[in-house]
Amino acid sequence: MIFAMTLNRRPATTDEVPTASGQVPGPTMAGPKSEDPGKGDTDTGTITKTRPKTKRPSLYRVLLLNDDYTPMEFVILVLQDVFNKSREDAMQIMLHVHQKGVGECGVYPYEVAETKVTRVMDTARKNQHPLQCVMEKQ
Ligand code: TYC
């Protein structure tokens with residue numbers, strides 16, 4: 001499949017880095033090949049640039065919501081365990097959520113974010129705390 005070039009700029013992959021000759025690797029020459037160049041050959045070809053299908057995944061923010069009952073220490077332990085936060089960072093995030101009502105624990109691709117939300121909700125339910133965790137597209 002051939003994709004039209006768009007203005008949507010993104011980092012080039014190694015496949016797309018021009019070679020020393022200034023050409024982008026990978027173009028194909030369509031049409032019959034000239035057997036003997038320079039002998040009245042009038043073949044025309046189409047240079048087709050192909051670009052690899054490398055879509056960046058959409059990112060999702062994972063958010064913790066405040067409530068009046070979940071112990072602060074429990075929230076800190078969840079942040080350390082599920083989001084790999086240091087004790088100090090976990091404490092800061094917990095206090096932010098406690099004071100503002102909501103706070104970000106991290107930003108991840110869809111399936112990673114989903115797994116983290118599930119882990120938080122499962123551990124909260126098992127411990128009978130009403131802690132809520134949600135994800136939103138960034
Ligand atoms: N507000 C809770 C308390 O005072 C602590 C808490 C913080 C709960 C963050 C949930 O996401 C939360 N015990």
Side-chain angles (χ1 to χ4, degrees):
M1 189 182 286
I2 301 162
F3 290 96
M5 301 286 270
T6 70
L7 293 173
N8 210 355
R9 304 231 353 126
R10 62 183 171 75
T13 65
T14 50
D15 290 346
E16 294 171 290
V17 175
T19 60
S21 67
Q23 288 194 316
V24 176
T28 55
M29 183 77 83
K33 282 206 180 94
S34 175
E35 297 291 336
D36 197 354
K39 290 230 171 117
D41 174 38
T42 56
D43 283 357
T44 57
T46 304
I47 302 279
T48 306
K49 256 192 206 172
T50 56
R51 46 169 37 183
K53 269 192 197 169
T54 51
K55 272 202 283 176
R56 285 171 303 174
S58 301
L59 294 176
Y60 290 77
R61 303 172 73 207
V62 176
L63 307 172
L64 266 189
L65 308 183
N66 189 37
D67 65 74
D68 292 337
Y69 305 102
T70 304
M72 291 183 171
E73 182 60 24
F74 182 81
V75 178
I76 292 169
L77 293 176
V78 165
L79 285 163
Q80 288 186 259
D81 187 39
V82 177
F83 298 97
N84 307 312
K85 301 296 183 188
S86 66
R87 175 101 193 154
E88 293 72 25
D89 285 353
M91 185 108 68
Q92 248 191 313
I93 294 168
M94 183 280 296
L95 283 175
H96 175 93
V97 176
H98 176 70
Q99 287 159 7
K100 310 275 183 193
V102 61
E104 184 180 292
C105 310
V107 178
Y108 310 95
Y110 184 86
E111 278 168 18
V112 178
E114 194 182 36
T115 302
K116 296 206 183 279
V117 170
T118 300
R119 284 181 64 190
V120 173
M121 297 301 283
D122 283 355
T123 189
R125 194 176 313 114
K126 274 184 195 134
N127 290 277
Q128 301 188 305
H129 297 312
L131 181 62
Q132 295 291 306
C133 184
V134 297
M135 57 195 267
E136 66 167 34
K137 200 160 193 276
Q138 211 183 25

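For ligands, and for the atoms within them, numbers begin at 1 and follow the listed sequence. In this text the structure is predicted, and so the values were computed from the model without any measurement.
Remark: side-chain polar atoms of T115 are paired, donor with acceptor, to backbone N or O of E111 under 3.5 angstrom.
A salt bridge is defined here as a Lys NZ or Arg NE, NH1 or NH2 lying under 4.0 Å from an Asp or Glu carboxylate O, and R125 with D122 meets this definition.
Within ligand 1, the atoms closer than 4.0 Å to a non-hydrogen atom of V97 are 9 (C), 11 (O), 12 (C), numbered from 1 in the order shown. Of all atoms in ligand 1, numbered sequentially from 1 with element shown, those under 4.0 Å from a heavy atom of L131 are 10 (C), 11 (O), 12 (C).
Side-chain atoms of C133 and L63, non-hydrogen and from C-beta on, never get closer than 4.5 Å to each other. The closest side-chain heavy-atom distance from V62 to F83 is below 4.5 Å. Side-chain contact check for D67 versus H129: every heavy-atom pair is 4.5 Å or farther apart.
Ligand 1 has a nitrogen or oxygen under 3.5 angstrom from a nitrogen or oxygen of N66.
Among protein heavy atoms, atom 11 (O) of ligand 1 sits closest to L65 O, 2.8 Å. With hydrogens left out, the protein atom closest to atom 2 (C) of ligand 1 is D67 O, 3.2 Å, a heavy atom. Protein heavy atom nearest atom 13 (N) of ligand 1, with residue, atom name and distance: T70 O, 2.9 Å. The protein atom (non-hydrogen) at minimum distance from atom 4 (O) of ligand 1 is H98 CE1, 3.1 Å.
Enclosure of atom CD in Q128 is not indicated, since only 12 or fewer non-hydrogen atoms of other residues, nucleotides or ligands lie within 6.0 angstrom.
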